[in-house]
Amino acid sequence: MTKTLDLLIAGGGAAGLTAAVYAARSGLDFVLVDLASSMGSQITQTEDVDNYTGFGKINGMELVMKFYEHAKALDAPMINDEVKEITKTDELFTVKCEKAEYKAKSVIFCAGASHRELGIKGEKEFFGKGVGYCAVCDGFFYRNKTVVVIGGGNTAVTEAVYLSKICKKVYLIHRRDSLRAEKVLTERLKNADNAEILYNSEVDEILGENAVNGVLLKDGRKLDCDGVFVAVGIVPRSDAVRGLAQLDKYGYVIADESGKTSVDGLFAAGDVRTKMLRQIITACSDGANCVESVNSYLNGKL
Ligand code: NAP
């Protein structure tokens with residue numbers, strides 16, 4: 001018979017790894033499940049994290065490894081698998097994964113978010129042939145070349161700054177007349193001699209033959225480029241609880257300050273939940289809060 005855990009942590013990003021640290025220190029019988037390949041995926045795609053208190057500037061991958069090593073040092077059990085579906089019957093959660101199934105009295109759901117697609121012509125066709133979503137992963141291929149970054153948020157501006165150090169020319173194309181990104185990031189981009197921001201502009205089509213060779217803007221202009229990085233936001237990875245918990249209209253899991261969702265015993269942390277500020281530091285905070293809530297729940301106090 002399958003053993004019933006106190007807690008299953010679904011997700012291994014900043015929220016999940018912090019929850020694992022707190023759960024291990026609380027003496028809970030738990031496991032963390034995530035695909036090793038996606039652990040901390042959003043953070044690992046960031047070259048410099050410079051707003052995580054105490055570190056000044058740290059490489060994203062290095063920070064995730066520090067989270068991971070901290071959890072490992074506490075003997076936090078981590079399983080390499082993909083959470084597919086979470087259901088609840090008779091006060092117990094069943095967590096169906098690709099390779100195994102688990103029973104748990106409580107779940108912290110922290111599956112994170114992934115990049116949003118733009119949905120324009122050429123995006124799918126040229127994916128991997130000039131179209132990408134991660135400058136840190138693919139930027140190297142565009143050394144001394146010309147690239148376009150689409151978007152106006154923190155991700156787009158961070159990617160454009162990163163690419164400006166590698167590429168000959170970087171265009172940031174934004175649909176409005178001002179950027180959504182933090183001022184400090186925007187200033188960095190404006191200070192890069194080889195970066196140009198095109199405001200009030202939208203890409204209609206990504207052009208190419210065997211690989212990308214340009215973009216067509218909605219006003220008819222054509223820009224020659226070798227690569228296009230799409231950075232138009234994120235979508236929550238909430239499919240595993242879609243039939244279980246209440247989601248908002250964008251698919252984020254609705255949760256209160258304690259991480260409590262519409263389902264007793266199911267708590268949500270990190271980018272997958274409703275919240276004002278999606279940052280590494282707030283994801284860590286969510287993870288810690290959720291373990292406190294799990295302890296209260298298991299003791300019949302929540
Ligand atoms: P975001 O803040 O939601 O920004 C998405 C950007 O894409 C917006 O500028 C938006 O335009 C634009 N956009 C959306 N749909 C579009 C479309 N169909 N066509 C053209 N443009 C479109 O997303 P994000 O930058 O990926 O950031 C996600 C979260 O991670 C945010 O909470 C962010 O603060 C956080 N983050 C933080 C850091 C950091 O602290 N350094 C770094 C990266 C990400 P509008 O502005 O017109 O809406």
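All values reported here derive from a predicted model rather than from experimental measurement. Order of listing sets the numbers, starting from 1, for every ligand and every atom in it. Just the heavy atoms: all of them, side chains too, but no hydrogens, waters or symmetry mates, feed the values below.
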Donor-acceptor pair between K103 and T94 side chains, under 3.5 angstrom: yes

Within the 6.0 Å centroid threshold, strictly below: Y102 and F93: no

Charged tip of K169 within 45° of Y171 ring normal and under 6.0 Å: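 Yes, K169 sits over the ring of Y171.
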
Does ligand 1 have any atom that is closer than 4.0 Å to a heavy atom of [X]?
X    : result
E202 : no
H115 : no
Q42  : no

Closest to atom 44 (C) of ligand 1 among T155, L179, D177 (heavy-atom distance): T155

Closest protein heavy atom to atom 14 (C) of ligand 1, given as residue, atom name and distance to 0.1 Å: V232 O, 3.3 Å

Distance from atom 33 (C) of ligand 1 to nearest protein heavy atom, with residue and atom: N154 ND2, 3.7 Å

State whether the shortest distance between N or O atoms of [X] and N or O atoms of ligand 1 falls below 3.5 angstrom.
X    : value
T158 : no
I150 : no
G152 : yes

Parallel, tilted or perpendicular: ring planes of Y133 versus H115, cut at 30 and 60 degrees: parallel

Under 3.5 Å donor-acceptor, D219 side chain and S201 backbone: no

Main-chain N/O of K121 paired to E205 side chain as donor or acceptor, under 3.5 Å: no

